Amino acid sequence: MPRAIAVPFSDCACPGEGGGPDRGEDGVGVDGEDQETWGERAVCRTADPDELFVDGAAQNRAKALCTGCPVRTQCLAHALDNRIEHGVWGGMTERERRALLRRRPLVTSWRRLLEAARSEHDRLAAGKEQAWDATG
């Protein structure tokens, strides 16, 4: 396999072109200036790129870096929307991303889809919390 070259996040075509606002898992919007700097908030920003572009079992260690990352959603959406073929992005390996792309071939914007899913998750979680408070 050819050796992958890590590209600084500032050089990436970040998600958010067109459509509504883009927000990370931490709820911070990435419109305008933030859109270009979401990688600066990534947990892996200080990791050795050779640790992120690995094969086999080492991918699980790379994926572990993504756990709890505040910009995991933007990272995954970026990799899916741009069909990035190598490395771990947003907690998914290239094989996992290819499988997801095959299962959902009609998705035109992963950024919008993931943002909508995140908003729905937050809405449901808030509803459950309110229901719990009303019974207690």
Side-chain angles (χ1 to χ4, degrees):
M1 177 192 298
R3 183 171 168 89
I5 299 172
V7 177
F9 283 107
S10 60
D11 294 343
C12 294
C14 295
E17 289 108 18
D22 192 9
R23 297 196 187 286
E25 291 189 67
D26 59 354
V28 176
V30 290
D31 292 320
E33 185 177 336
D34 276 347
Q35 175 182 336
E36 298 170 3
T37 61
W38 63 263
E40 292 175 10
R41 295 184 289 128
V43 170
C44 65
R45 72 187 173 281
T46 58
D48 180 355
D50 289 338
E51 294 176 13
L52 302 174
F53 295 90
V54 293
D55 293 321
Q59 289 180 327
N60 289 329
R61 286 190 301 275
K63 287 168 56 170
L65 282 174
C66 301
T67 304
C69 180
V71 294
R72 184 175 179 175
T73 301
Q74 291 102 313
C75 182
L76 178 58
H78 172 76
L80 291 167
D81 282 338
N82 292 288
R83 305 301 195 263
I84 296 175
E85 295 183 17
H86 302 289
V88 172
W89 291 78
M92 293 184 82
T93 66
E94 55 265 20
R95 178 178 281 174
E96 292 166 335
R97 291 191 309 274
R98 279 194 304 270
L100 182 56
L101 290 167
R102 279 193 304 273
R103 284 193 310 269
R104 304 287 302 269
L106 301 179
V107 174
T108 58
S109 172
W110 286 96
R111 182 196 55 80
R112 284 194 297 267
L113 178 69
L114 293 174
E115 172 59 25
R118 182 67 187 191
S119 295
E120 180 65 9
H121 176 281
D122 291 347
R123 187 185 68 75
L124 291 172
K128 286 180 183 179
E129 188 174 309
Q130 287 176 351
W132 178 258
D133 289 344
T135 62

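Nothing here was measured: the structure is a model prediction, and the numbers come from that model.
- Here E96 pairs with K63 under the salt bridge (Lys or Arg N to Asp or Glu O under 4.0 Å) rule; sequence neighbours left out.
- Here the shortest heavy-atom pairing between C75 and G90 reads SG-N, 3.1 Å.
- Qualifying salt bridge (Lys or Arg N to Asp or Glu O under 4.0 Å) partners for R103, counting only residues two or more places apart in sequence or in other chains: none.
- Remark: the backbone N or O of D50 is paired with a side-chain donor or acceptor of D48 at under 3.5 angstrom.
- Side-chain atoms of E94 and D55, non-hydrogen and from C-beta on, do get closer than 4.5 Å to each other.
- When side chains are defined from C-beta on, Q59 does not count as touching R95, because their heavy atoms never get closer than 4.5 Å.
- Here the shortest heavy-atom pairing between L65 and C69 reads O-CB, 4.4 Å.
- Every residue meeting the side-chain contact (heavy atoms from CB on, under 4.5 Å) condition with A58, not counting sequence neighbours, appears here in chain and number order: V54, R61.
- Taking CD of E115 as the start and CD of Q74 as the end, the distance is 8.5 Å to the nearest 0.5 Å.
- E85 meets the side chain to side chain donor-acceptor pair (under 3.5 Å) test with no other residue; sequence neighbours excluded.
- The backbone N or O of V71 sits nowhere less than 3.5 Å from a side-chain atom of R41 that would complete a donor-acceptor pair.
- S109 meets the side-chain contact (heavy atoms from CB on, under 4.5 Å) test with D81, R111, R112; sequence neighbours excluded.
- In this structure, the side-chain contact (heavy atoms from CB on, under 4.5 Å) partners of R123, at least two apart in sequence or on a different chain, are E120.
- Across all their heavy atoms, E51 and A62 have their closest contact at O-CB, 3.3 Å.
- The closest donor-acceptor contact from the side chain of R45 to the backbone of A42 lies under 3.5 Å.
- When hydrophobic side chains of Ile, Leu, Val, Met, Phe, Trp and Tyr are connected at separations under 4.5 Å, L113 ends up clustered with L76, L80, M92, L100, L101, V107, W110, L114.
- Between W89 and H78, the ring planes lie tilted relative to each other; the angle falls in the 30° to 60° range.
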